[in-house]
Protein chains: 2
Amino acid sequence: MECKIGVCQFKPELMQIEKNLAKMESLLESASADLIVLPELAASGYLFNSEEEVQNIAEDPNDGPTATLFKRLAKQHNTSYVIGFAEKAENGIYNSSMLVNPDNSIHIYSKIHLFFEEKKWFKVGDTGFKIFNAKNGVKVGMMICFDWIFPESARSLALAGAQIIAHPTNLVLPWCQQAMLTRSLENGVFAITSNRIGKEKNGNNVLNFTGMSQIVDTKGQIIHRMDKNEESVFVTEIDPLESEDKDITEFNNLFLDRRKELYRS
Amino acid sequence: MECKIGVCQFKPELMQIEKNLAKMESLLESASADLIVLPELAASGYLFNSEEEVQNIAEDPNDGPTATLFKRLAKQHNTSYVIGFAEKAENGIYNSSMLVNPDNSIHIYSKIHLFFEEKKWFKVGDTGFKIFNAKNGVKVGMMICFDWIFPESARSLALAGAQIIAHPTNLVLPWCQQAMLTRSLENGVFAITSNRIGKEKNGNNVLNFTGMSQIVDTKGQIIHRMDKNEESVFVTEIDPLESEDKDITEFNNLFLDRRKELYRS
């Protein structure tokens, strides 16, 4: 089963939703893929200054500007997309990602492990780590940015049956890209980490986003890693079914060798 | 609280217990440390050919040749040691490690995740992931070699209160040393990985051990990594209490941010 998966890296501008969406549409114009992952909070930017700002950029998950554009693109390009956005829900605002499919279906993950000042703006996600079908039934699990440092995130998605982990990020710490090789290897899954680039300032706060978006195979090998500054889309062809093989040697299986009864949680 | 921790790397010879123990004694002669970690199956070598061979090199955990030597060395050098050995127990043979303290106490961990043909020779460990006091009350958790690929191993030890993970290995796969940086970082613990070097042949089976023994700090930074061929002991001074601080930013804590109720296991 062949599947073309891709990652998109670019520089959003804070609070410029229409401009950022137009840039993504333009970047994605010539990308032919079955699944493409875009960054966390891709349309809004990241370094908010007030609750009011966050209220202003929060979007309805079904017919906000991000959902509207990506439903159109999904149909137009026959592609599934995963993109991060600020989700306006009844009980508050979440740092979420949506999987948007060519059949018009939308699935939501709300970020469980909020990073730094996100705790001021967002509610802790309550969707759990679920698996959703992307185009052609490819099984996608979503996690967002800082979820990476908790091994339980990728483990939960793999145990739930993820073939591909879709991982929108706005990374500023230096460790994630390398750690994701271990996440892929220990779980036998593909991982697509989409990071943004650029700098955001807010008063004395300055964040430098580290780029280096990447696609990693089920053995923890980098298929492609972008540099720290490029704005681009990269697409590669993989077989998602490779993730069904959890054997690491002829005697060892990543899942069957687990000894749950001896683990602490 | 200052604590001198060390790692010993060398080339054991298969089935040559006395010779290997003599070599370790000689390597450790001038090493001044509070805790030193040695490789997995350090006295026996690794690539056994028959159950009879394994029976022959299996040792009593309290007064076998390894325990006898290291109890003497622990007293003589005022040092705690962690060393891997084949443990002769009532119900079978385990791939185990012992923590031997200057006060003559010995604590055992039996390997839970057996690698490759180890499954033919050893019983699956049943001690679980426990924490033991080394010299000066430093809290040590043991895991052995292939345990590294299961994030639950280091996680269990960290949750149980490990300040330092002592990790005897006989590594042949290429991934572990780098993955241990993630293990240290995600758990906020020190990790001492002691690997052997050299090659072992047994019929058509050939194993090349990868050396690169290392000590990693609580932020996933390599304090020291040996090369692929050296036989030596490296000692460094650390503060084990750094592992008590699980904050990763002023808003984030590696343990308190965990959302157990949303994880699969």
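Values below: all heavy atoms of this structure, side chains included; hydrogens, waters and symmetry mates excluded.
- Counting heavy-atom pairs under 4.5 Å between each of B:N252, B:T182, B:T249, B:T127 and chain A puts B:N252 at the top.
- Other residues, nucleotides and ligands contribute at most 12 non-hydrogen atoms within 6.0 Å of the CD atom of A:E51.
- Among residues 144-155 of chain A, the residues having any heavy atom closer than 4.5 Å to a heavy atom of chain B are, in sequence order, A:F146, A:W148, A:I149, A:F150, A:P151, A:E152, A:R155.
- Chosen from A:L159, A:L185, A:I112, A:N187, the residue pairing most often with chain B at heavy-atom distances under 4.5 Å is A:L185.
- With a 4.5 Å cut-off on non-hydrogen atoms, A:I248 touches chain B through its side chain but not through its backbone.
- Between chain B and the options A:G220, A:A160, A:A179, the largest number of non-hydrogen pairs under 4.5 Å is found for A:A160.
- Within a 6.0 Å sphere centred on NZ of B:K119, other residues, nucleotides and ligands contribute more than 12 heavy atoms.
- For B:K11, the NZ atom is loosely surrounded, since the number of other residues' heavy atoms within 6.0 Å does not exceed 12.
- Nearest heavy atoms, A:H113 versus B:R259: NE2-N, 4.3 Å.
- Contacts of A:S156 with chain B are made by both backbone and side-chain atoms, with heavy-atom separations under 4.5 Å.
- Top candidate by heavy-atom pairs under 4.5 Å with chain A, chosen from B:E118, B:E250, B:E261, is B:E250.
- B:Q178 places none of its side-chain heavy atoms less than 4.5 Å from the side chain of A:L181.
- For the residue pair A:W175 and B:K219, the shortest heavy atom distance occurs at NE1-O, 3.7 Å.
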